[in-house]
Amino acid sequence: SNIYLKRGFITVGDLSQSPVYGSIGQMYVPFGKYSTWLVSSPLTKTLSNIFGRAIAIGYKGDNFVTPAFVMHGDSKEVDNTSTSGSTNDHINAWGGNAETNIKLSNDNKLTLGAGYTNNLADSEGVLSVLEYVTATYATLSYNVQNLVPAYDAYAKLELGENWTVN
């Protein structure tokens, strides 16, 4: 029988012993922050959440965390130098995130973060558009002419125990 597994990964690391940790498996990669109190997902999460079989390593300090990842994404960059129009089929996606927490006072905290990925074409939102377009032409393909780099930045302000602004 086949097993369907949406998400499965192993994380190795003991942050009380070492600030370094690693994960491998099928997971959401560390790009962006998508926490929300909304009933439905925000557009940023819908368009740019990247999921795949990846390897991630990270470092967690006292007030910051910096994970990075590599993966073989579903989208493939077309090799324009090849006469056959072949695709580059290898580890083609990488990126990371950096986040810091700043204590403003006893009850107030500011979180700032930024991230980068070399290929936003591997996000769930873009892949769903590519799937729709290529299914229309009866060729299911995630080929792209160029990789699509992306940057993100986010902030979260916590005022006391009961107030949070994202």
Side-chain angles (χ1 to χ4, degrees), residues 2-36 41-101 111-135 139-156 166:
N2 294 333
I3 297 174
Y4 176 76
L5 182 65
K6 172 67 177 167
R7 194 170 36 170
F9 57 93
I10 296 172
T11 300
V12 177
D14 182 355
L15 295 177
S16 66
Q17 301 294 319
S18 170
V20 179
Y21 62 93
S23 298
I24 186 169
Q26 191 159 312
M27 61 187 156
Y28 288 99
V29 300
F31 173 70
K33 185 120 181 179
Y34 306 106
S35 61
T36 181
S41 296
L43 186 59
T44 53
K45 180 179 180 180
T46 303
L47 291 178
S48 60
N49 212 1
I50 301 173
F51 180 79
R53 292 185 177 111
I55 298 172
I57 59 169
Y59 181 88
K60 184 174 182 344
D62 291 334
N63 293 317
F64 67 96
V65 62
T66 56
F69 72 92
V70 295
M71 69 180 241
H72 179 269
D74 290 332
S75 69
K76 311 234 179 333
E77 184 177 21
V78 175
D79 184 1
N80 290 326
T81 61
S82 170
T83 57
S84 66
S86 66
T87 59
N88 295 323
D89 194 15
H90 56 279
I91 290 178
N92 59 353
W94 54 271
N97 210 45
E99 180 178 294
T100 186
N101 295 307
T111 301
L112 299 173
Y116 173 81
T117 181
N118 76 319
N119 193 13
L120 192 63
D122 282 321
S123 69
E124 291 182 324
V126 174
L127 287 176
S128 65
V129 170
L130 288 174
E131 186 174 306
Y132 174 78
V133 170
T134 58
T139 59
L140 188 56
S141 168
Y142 299 119
N143 295 342
V144 293
Q145 289 296 316
N146 297 298
L147 300 181
V148 184
Y151 301 88
D152 79 301
Y154 55 90
K156 177 180 175 182
N166 282 329

What is the minimum heavy-atom distance between [X] and [Y], and which atoms define it?
| X | Y | value |
| --- | --- | --- |
| L147 | N119 | CD2-ND2, 3.3 Å |
| P149 | Y116 | CB-OH, 3.6 Å |
| V70 | W94 | CG1-CB, 3.9 Å |
| Y59 | Y21 | N-CE2, 3.8 Å |

Check against side-chain contact (heavy atoms from CB on, under 4.5 Å), R53 and Q26: CA-CA 4 Å; R53 292 185 177 111; Q26 191 159 312; 3.2 Å; yes
Starting from the C-alpha separation in whole Å, work towards a yes-or-no answer on side-chain hydrogen bond (donor to acceptor under 3.5 Å, both in side chains) for N101 and T111. CA-CA 4 Å; N101 295 307; T111 301; 2.8 Å; yes
Partner of N97 by side chain to side chain contact (heavy atoms under 4.5 Å, CB included), out of V65, V29, T117, D152: D152
Does L112 have more than 12 heavy atoms from other residues, nucleotides or ligands lying within 6.0 Å of its CG? yes
Flag if over 12 foreign heavy atoms under 6.0 Å of CG, D14: yes
4.5 Å side-chain heavy-atom contact, F69 and S23: no
For the CD1 atom of I10 and the CE atom of M27, what is their distance to the nearest 0.5 Å? 10.5 Å
Measuring from D62:CG to T100:OG1, what's the distance to the nearest 0.5 Å? 10.5 Å
Taken in chain and number order and not counting sequence neighbours, the residues that satisfy ring-ring contact (aromatic ring centres under 6.0 Å, His included) with F51 are Y28
Under 3.5 Å: donor-acceptor pair, side chain of D122, backbone of I50: no
Please answer whether the main-chain N or O of A98 pairs with a side-chain N or O of T66 as donor and acceptor at a distance below 3.5 Å. no
